[in-house]
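As the structure is a prediction and not an experimental result, all values here were calculated from the model.
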Amino acid sequence: DEFMEIFMLRSLVILLVVIFGSAVTSVAAERTFPFDSELLLDAKPMKGSKRVPVLTIGPNGKAEIDLWCNSVEGQIVVVEGTITVMTGAKTARQCDPVRTRGDDELLEALLQATSWTRDGDVLTLRGAKTLRFRLATN
C-alpha cells in the first residue's frame, strides 16, 4: 500500500531527526512555531456550511486536524524551517462528494508540506501546495 510506504518513510525520517539534534533545534523552533495553538485554514467555508478546517497543535506536536467534513489525528515535527506532517486514519463521517474531495486534497497538501514560515498570526506551510492558517482569536 502506497500510503503505508509513505508513512513508514516519514516515520524513519522523523526518527533520524529526533536522534540527530532535535533537542537543540526544536527549542529554537518552538520560539516561533505555534505549538500549543489552534489554527484556522485561511479559506471561506464551503457552500451550505460554516465550517473551515482547523489544525490544533499540542505542545509536543500532537495534532488534531478537523478537515472539511472528517477529522484525523497526527503528529507534526518541526526542525528549524522544515516540517513533517504524519496522520492516521480519517474518521468515517458521511459527507457530500465536494467535502470528501476537499478533505482528500487538504490532507494530501498537509502530508506534502516540507517547510513553514510564520508572519505574526499567519502560519504558511509550503509543499506541492501552499496552505495558510491563522491563529484562532477566540
Determine all donor-acceptor pairs shorter than 3.5 Å in which one atom belongs to a side chain in residues 99-110; sequence neighbours excluded.
| from | atom 1 | to | atom 2 | distance (Å) |
| --- | --- | --- | --- | --- |
| R99 | NH1 | D96 | OD2 | 2.5 |
| R99 | NH2 | K47 | O | 3.2 |
| T100 | OG1 | D96 | O | 3.2 |
| D103 | OD1 | W68 | N | 2.7 |
| D103 | OD1 | C69 | N | 2.9 |
| D103 | OD2 | N70 | N | 2.9 |
| D103 | OD2 | N70 | ND2 | 3.4 |
| D104 | OD1 | K90 | NZ | 2.6 |
| E108 | OE2 | Q112 | NE2 | 3.3 |

Between atom [atom1] of [X] and atom [atom2] of [Y], what is the distance when rounded to the nearest 0.5 Å?
X	Y	atom1	atom2	value
R51	L40	CZ	CG	11.5 Å
R118	L123	CZ	CG	7.5 Å
I65	T87	CD1	OG1	6.0 Å
I57	E38	CD1	CD	10.5 Å

W116 and V85: CA distance, side-chain angles, deciding distance, side chain to side chain contact (heavy atoms under 4.5 Å, CB included) verdict: CA-CA 11 Å; W116 67 276; V85 179; over 6 Å; no
Whether T84 side chain and V77 backbone form a donor-acceptor pair below 3.5 Å: no
Sidechain-backbone polar pair: S49 side chain, M46 backbone, donor-acceptor under 3.5 Å: no
Looking only at heavy atoms, what is the nearest atom pair of [X] and [Y], with distance?
X	Y	result
L39	P34	CD2-CG, 4.1 Å
P45	V52	N-CG1, 3.7 Å
V72	G88	CG2-O, 3.1 Å

Inter- and intrachain pairs under salt bridge (Lys or Arg N to Asp or Glu O under 4.0 Å), touching residues 62-73, at least two apart: none
Counterpart residues, side-chain contact (heavy atoms from CB on, under 4.5 Å), relative to T124 (two or more places apart): T117, V122, R126, T130, R132
Salt bridge (charged side-chain N to carboxylate O under 4.0 Å, His left out) partners of R134, counting only residues at least two apart: D42
Check: L55 and L41 side chains under 4.5 Å, non-hydrogen atoms: no
